[in-house]
Amino acid sequence: MRKIEFPLFGENEYMFLNIGRLIDIERMTGKPAGDIIKNQSLDLGMLTIILSVALRHHKMRTPQWYANKLQELVDEGIDLETDIQIPVVKCIAGSGILGKAVYYKLFPEEMTESVSEELEKERKN
């Protein structure tokens with residue numbers, strides 16, 4: 001599980017997802033967690049749900065609170081894709097739910113020689 005810095009809603013905040021939190025997202029959305037990225041269904045409703053779960057260790061906020069805050073940020077000129085969607089995708093990948101190949105593609109600085117060899121073997125099989 002990887003923590004992703006995310007200070008848009010509060011200084012020094014970070015988000016993370018673990019299995020328990022992914023189960024909560026699945027319950028709230030009715031969709032398997034891995035399918036959110038695979039099927040590219042990261043719409044605004046999904047974003048607000050994920051943010052409410054991935055940041056809840058800082059404050060318990062509803063998806064509607066995040067929707068209102070996102071509107072404020074968009075009005076201020078924030079780039080939704082760069083500043084919100086990409087960190088959320090990294091947070092999901094950081095949970096490990098999308099597999100090692102996706103994880104190391106998004107976090108190449110963590111790649112070791114042994115992991116690289118293991119992924120190469122998997123690709124060949």
Side chain of R21, backbone of F16: donor and acceptor closer than 3.5 Å? yes

If I compare all heavy atoms of M15 with all of V88, which pair ends up nearest, and what's the gap? CE-N, 3.8 Å

Determine whether a donor-acceptor pair (N or O, by modelled atom type, separation under 3.5 Å) exists between the side chain of S116 and the backbone of T112. no

Would the number of heavy atoms belonging to other residues, nucleotides or ligands and lying under 6.0 Å from CD of E113 be above 12? no

Would you confirm whether the ring centroid of Y104 sits within less than 6.0 angstrom of the ring centroid of F107? no

Separation of R2 CZ from N18 CG (nearest 0.5 Å): 16.0 Å

Joint hydrophobic cluster, I4 plus I86, side-chain heavy atoms closer than 4.5 Å: no

Shortest non-hydrogen contact from A54 to L17? CB-CD2, 3.8 Å

Test item: P87 and E5 side chains (from C-beta on) under 4.5 Å apart, heavy atoms: no

Taking it one step at a time, do I84 and F6 satisfy side chain to side chain contact (heavy atoms under 4.5 Å, CB included)? CA-CA 9 Å; I84 307 286; F6 199 73; 3.9 Å; yes

Determine whether L80 and I78 fall in the same hydrophobic cluster, where Ile, Leu, Val, Met, Phe, Trp and Tyr are linked whenever their side-chain heavy atoms lie under 4.5 Å apart. yes

Of I23, I25, T29, which meets side-chain contact (heavy atoms from CB on, under 4.5 Å) against R27? I23

Donor-acceptor under 3.5 Å (E26 side chain, A33 main chain): yes

Please answer whether the main-chain N or O of D79 pairs with a side-chain N or O of T82 as donor and acceptor at a distance below 3.5 Å. no

Interatomic distance, CH2@W65 vs CG@L70, rounded to 0.5 Å, equals 9.0 Å

Taking all non-hydrogen atoms of both residues, which atom of S52 and which atom of T62 are closest, and how far apart? CB-C, 4.1 Å

Answer yes when E118 and K121 have at least one side-chain N-carboxylate O distance shorter than 4.0 Å, and no when they do not. no

Any chain of hydrophobic side-chain contacts (each under 4.5 Å) joining L106 to M111? yes

Residue pair E13 / L55: nearest heavy atoms and the distance that separates them: OE1-CD2, 4.1 Å

Going hydrophobic residue to hydrophobic residue with side-chain gaps under 4.5 angstrom, can you get from L44 over to V74? yes

Can you say whether the rings of H58 and Y14 are parallel (under 30°), tilted (30 to 60°) or perpendicular (over 60°)? perpendicular

Exceeds 12 heavy-atom contacts within 6.0 angstrom, atom CD of E109: yes

Scanning both residues in full, the closest heavy-atom pair of S95 with L22 reads OG-CD1, 3.6 Å

Less than 4.5 Å apart, side chain to side chain, heavy atoms only: is that true for F9 and L51? yes

What I want to check is whether the side chains of E72 and N68 have a donor and an acceptor closer together than 3.5 Å. no

Mind running side chain to side chain contact (heavy atoms under 4.5 Å, CB included) on M46 and K31 for me, showing each step along the way? CA-CA 10 Å; M46 187 66 68; K31 297 179 182 182; 3.7 Å; yes

Taking all non-hydrogen atoms of both residues into account, name the closest pair between Q85 and L42 and its distance. NE2-O, 3.4 Å

